[in-house]
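If you read the sequence from its start, that first residue is 1, and numbering goes on from there. Please read these numbers as outputs of a predicted model, since none were measured by experiment.
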Amino acid sequence: MTLTINSNFDSGNIEILSIDGDTATLAIRKDEASNFYQWFHFRVAGAEGRPVTVRITNCAGSAYPLGWPGYRARFSNDRLDWQQADTSYADGVLTIRHTPAQGAVWFAYHAPYSMERHHDLVARIGAAAPVRVAELGRTLDGQPIDCLSIGTGVKSVWLYTRQHPGESMAEWWAEGALDLLVSDDPVAVKLRAAATLHIVPNMNPDGSRRGHLRTNAAGVNLNREWNAPTMDKSPEVYCVRAAMDATGVDFAMDVHGDEAIPYVFLAGFDGIPAWTQRQGDLYTRFGSELAARTPDFQTKHGYPTAGPGKANLSMSTNQLAERFGAVSMTLEMPFKDNAEAPDALRGWSPERSKQLARDCLATLAGIIDDL
């Protein structure tokens, strides 16, 4: 059979340059109206039992070229279990070598989280008795901006994920968080009593469906819109921030993935004009207690901090800390793997993302009364 490649599906992204026997030469398509690209997701068919070589040739010009050395692509035969493929990187070319065990195999930059799974998640969690589902607005492509609210406590907690759509591990994290919050686990019981939690499992449905790395349908990076969002460029941020204005924010977590750094880490709000010692102490305490709870989190590696007055208020973590006096933070998970606890078979996986969410919520329960 002849090898074929297709990406015409939810979150698909690849361009076919040539196919010569069982070797395919490909390129990643840029986000719409943007120069960002790094996410790929495609299907290879017609090569069962034969060694296939896939060469993605435009990696040197991608958004984060330092993300390729040491990276391994993910593959799946059933689109449920995603494992690491034999992958190498040299001279701007990512090469994947794989012998398909069946007629079709899927490859992706990370385990995808489809919009169909998103709607299944909203339906399943929304059916739980204490959950309130709200459509905060619509995206430029007309998709709903979903928010699920849980709990009756006075503290206002916002958990929002996938501002950058290619960071699919973030929505796996959201699934883990929601599954815990509707359970009878003592952590969930405490959080629901102490707080009202608002979870936006996907901030960027349009980019997710289109197969973007970082932007929405207008080519806008949502995490640079929080100081002045508009309905014509960034309705996702405009609608979510308006809902936050209505509830206030005591604690916020913005969940992401980092292409280059092989660790799980936090980024805070250093450098905001209204920074307080109380905010800073609670942020540090959260990180310390999370590190003590799980070996998948650490505090040594991460981003450099901003100097006084140097915080970028267009980024959500900084904007919410400044706007509400919130304890806010960005959680980053790796595309490559966790270098401190690697998994040779699956790398950083959906299950580890979901477990990290459970650990984050348990840590939040430990500080909720002090917020």
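- Not one N or O on the side chain of Q83 forms a donor-acceptor pair closer than 3.5 Å with the backbone of S76.
- Salt bridge status for R210 with D141: present, with a side-chain N to carboxylate O gap under 4.0 Å.
- Looking at heavy atoms from C-beta onward, R278 lies out of side-chain contact with Y283 at the 4.5 angstrom threshold.
- A donor-acceptor pair under 3.5 Å links the side-chain atoms of N13 to the main chain of G211, judged by distance alone.
- Here L80 sits alone; no ILVMFWY side chain lies under 4.5 Å from its own, so it joins no hydrophobic cluster.
- Remark: R132 engages S149, T196 in a side-chain contact (heavy atoms from CB on, under 4.5 Å) (not counting sequence neighbours).
- Looking at F286 and V327, their side chains never come closer than 4.5 Å, going by heavy atoms from C-beta outward.
- Applying the salt bridge (charged side-chain N to carboxylate O under 4.0 Å, His left out) test to every pair with at least one member in residues 260-277, sequence neighbours left out, gives no pairs at all.
- Classified by interplanar angle (parallel below 30°, tilted 30° to 60°, perpendicular above 60°), the ring pair W68/Y71 is perpendicular.
- For T230, the side-chain contact (heavy atoms from CB on, under 4.5 Å) criterion is met by D232, K233, S234, not counting sequence neighbours.
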Stepwise salt bridge (Lys or Arg N to Asp or Glu O under 4.0 Å) check, R358 with E351: CA-CA 11 Å; R358 295 188 281 268; E351 185 48 51; 2.7 Å; yes
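- Listed by first and then second residue, the side chain to side chain donor-acceptor pair (under 3.5 Å) pairs that reach into residues 327-341 are D296-N338, Y303-E332, T317-T330, D337-R352, sequence neighbours excluded.
- Residue pairs satisfying the salt bridge (charged side-chain N to carboxylate O under 4.0 Å, His left out) criterion with at least one member in residues 315-330, sequence neighbours excluded, are listed as follows: D245-R323.
- Classified by interplanar angle (parallel below 30°, tilted 30° to 60°, perpendicular above 60°), the ring pair F75/F107 is tilted.
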Contacts under 3.5 angstrom, residues 92-106 side chains, donor-acceptor by atom type, not counting sequence neighbours:
| unit_1 | atom_1 | unit_2 | atom_2 | d |
| --- | --- | --- | --- | --- |
| Q102 | NE2 | N77 | O | 2.9 |
| Q102 | NE2 | A104 | O | 3.4 |

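- Shown here are the side-chain contact (heavy atoms from CB on, under 4.5 Å) partners of D91, two or more places apart in sequence or in another chain: there are none.
- At a threshold of 4.0 Å, the pair E289-R293 does not count as salt-bridged, since none of the basic side-chain nitrogens sits closer than that to a carboxylate oxygen.
- With sequence neighbours excluded, no residue forms a salt bridge (Lys or Arg N to Asp or Glu O under 4.0 Å) with R72.
- With no hydrogens or angles considered, a side-chain donor-acceptor pair links D254 and S316 at under 3.5 Å.
- Contact check for W158 versus M253: no side-chain heavy atoms found under the 4.5 Å cut-off.
- Ring geometry for H41 against W82 counts as perpendicular: the plane angle is over 60°, on a 0 to 90° scale with 30° as the lower cut.
- The list of salt bridge (charged side-chain N to carboxylate O under 4.0 Å, His left out) pairs with a residue in residues 162-180, not counting sequence neighbours, reads R117-E175, R124-D179, R162-E171, E167-R214, E175-K354.
- Considering only residues two or more places apart in sequence or on other chains, A177 meets the side-chain contact (heavy atoms from CB on, under 4.5 Å) condition with W173, A357, L361.
- The list of salt bridge (charged side-chain N to carboxylate O under 4.0 Å, His left out) pairs with a residue in residues 19-48, not counting sequence neighbours, reads D22-R50.
- Residues P262 and W348 fail the side-chain proximity criterion, which asks for heavy atoms closer than 4.5 Å.
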